[in-house]
Protein chains: 2
Amino acid sequence: MTTPQLTKNQSLVFDVLEKAEGPLSAYTILDKLRDHGFRAPLQVYRALEKLLEYGVVHRLESINSFVACAHPGDDCHSHGIVAFAICESCGQVMEFHDHEVDHRLMGWVRGQKFKPEKTTIEIRGLCEACAA
Amino acid sequence: MTTPQLTKNQSLVFDVLEKAEGPLSAYTILDKLRDHGFRAPLQVYRALEKLLEYGVVHRLESINSFVACAHPGDDCHSHGIVAFAICESCGQVMEFHDHEVDHRLMGWVRGQKFKPEKTTIEIRGLCEACAA
DNA sequence: TTGCAGATGTTATGTTATTACATCAATTGC
DNA sequence: GCAATTGATGTAATAACATAACATCTGCAA
């Protein structure tokens, strides 16, 4: 899937996420966009919905936050399952893909006749700098 | 770690989760326990906090819900990372452990010098019955 | 130029989780 | 016995996250 031209609100939200050092909550994004005319959470959530669909933004379920995909110019749907390591101290996020992990998980669900739609892998802990 | 004797509130919350067919939100648990004197969310959240610590309950991050561990009489901390398959139609949850997945994920984070604390793997989709 | 689809704006509300503070019960050390 | 401590509990208020419902606008195609 190729990413369509973003609308005004989608671009604003995406730019905020790209410039951010780490993941942001929807309400943090809202606050950053008040000067650009954003007034309500729905403006953010609607933009995020599309950006997630296009694969240019990820949602981090365990911290209710959103982050720009780490693979610029390349949508993430082609990478299989995405795993994240999230530093609980500094908020930094590392993104990673492992086909063997995908294979094991998908093999298991197939055995259960379970039909997977969306998979979340999130590892919370401390990054090298913060663990020191 | 062995599970200590549960307190009154912890037992009430755990019993509700054990008898449930699938995962429950904290507020659903609260409603089910109003007859037993529960009045406020904190009574539920505090009990859940301990039950999670003891490993007899899991939190499903992607659906903000809680489920009793599928391994009765046996705390889950000994199983390594737990993965869940969650049916988005009927709510049924399957729990599973795979050492190869653990190994791959932990190998990667070690390479990044990341110190993992808590890992979430959740696969949302449709179970066999619901996919038919 | 009308009708439609998609994007946007706005208000209100629903859902999930925590802070702050008071009280109670069991245990320990004196 | 009786303070002192610790962990559990009760309660009110509030913070944080997310969606419903409805109105409006804009570009485009029939």
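As a basis for the values below, the full set of heavy atoms in this structure was taken, side chains included, without hydrogen atoms, waters or symmetry mates. Protein chains get the first letters and strands the later ones, always in sequence-line order, with residue 1 at the start of each.
- Annotation: salt bridge (charged side-chain N to carboxylate O under 4.0 Å, His left out) contacts involving residues 36-51 of chain B, sequence neighbours excluded, comprise Lys50(B)-Glu53(B).
- Near DNA chain C, meaning a heavy atom under 4.0 Å from it, residues 34-43 of chain A has Arg39(A), Ala40(A), Leu42(A), Gln43(A) in order of number.
- Leu105(A) is listed as a side-chain neighbour of Ile121(A), based on a closest heavy-atom distance under 4.5 Å.
- In summary, contact between chain B and DNA chain C, defined as any nucleotide atom under 4.0 Å from a heavy atom of the protein, begins and ends at dT16(C) to dA20(C) in the 5' to 3' direction.
- A salt bridge (charged side-chain N to carboxylate O under 4.0 Å, His left out) check over residues 103-114 of chain B, counting only residues at least two apart or in different chains, returns the pairs Asp98(A)-Arg104(B).
- Pairs passing the ring pair (Phe, Tyr, Trp, His ring centres under 6.0 Å) check and including a residue from residues 105-132 of chain A, sequence neighbours excluded, read Trp108(A)-Phe96(B).
- Scanning all heavy atoms of the two residues, the minimum distance from Pro116(A) to Met106(A) falls at CG-SD, 3.7 Å.
- Results of the side chain to side chain contact (heavy atoms under 4.5 Å, CB included) test with Phe38(B) over Val16(B), Leu30(B), Ile29(B) single out Leu30(B) as the only residue that passes.
- Nearer to the 5' terminus of DNA chain C, by closest-nucleotide assignment, is the contact made by Gln10(A) (compared with the other of Gln10(A) and Ala26(B)).
- Nearer the 5' end of DNA chain D, as judged by each residue's closest nucleotide, is the contact made by Thr7(B), out of Tyr27(B) and Thr7(B).
- Checked against side-chain hydrogen bond (donor to acceptor under 3.5 Å, both in side chains), Ser62(B) has the following partners two or more places apart in sequence or in another chain: Glu122(B), Arg124(B).
- The stretch residues 22-34 of chain A participates, sequence neighbours left out, in these salt bridge (charged side-chain N to carboxylate O under 4.0 Å, His left out) pairs: Asp31(A)-Arg34(A).
- The ring-ring contact (aromatic ring centres under 6.0 Å, His included) check on Phe84(A) picks up His58(A), with sequence neighbours excluded.
- Mapping heavy-atom proximity under 4.0 Å, the span of DNA chain D touched by chain B runs 5' to 3' from dA8(D) to dT11(D).
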Name each donor-acceptor pair under 3.5 Å that joins a side chain in residues 125-132 of chain A to protein atoms two or more places apart or in another chain, with its distance.
none

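- The two atoms that bring Ile123(A) and Thr119(B) nearest to each other are CG2-OG1, 3.5 Å, heavy atoms only.
- With hydrogens and angles ignored, the 3.5 Å screen pairs no side-chain donor or acceptor of Thr28(B) with any backbone N or O of Leu24(B).
- When the local axes at the two ends of the helix from dT1(C)-dA30(D) to dC30(C)-dG1(D) are compared, using 5 base pairs at each end, they differ in direction by 10° after rounding to 10°.
- Mapped onto DNA chain C by nearest heavy atom, Thr28(B) and Arg46(B) fall at different nucleotides, with Thr28(B) at the one closer to the 5' end.
- Ala26(A) is linked by a side-chain contact (heavy atoms from CB on, under 4.5 Å) to Val44(A), Tyr45(A), Leu48(A), Phe66(A), counting only residues two or more places apart in sequence or in another chain.
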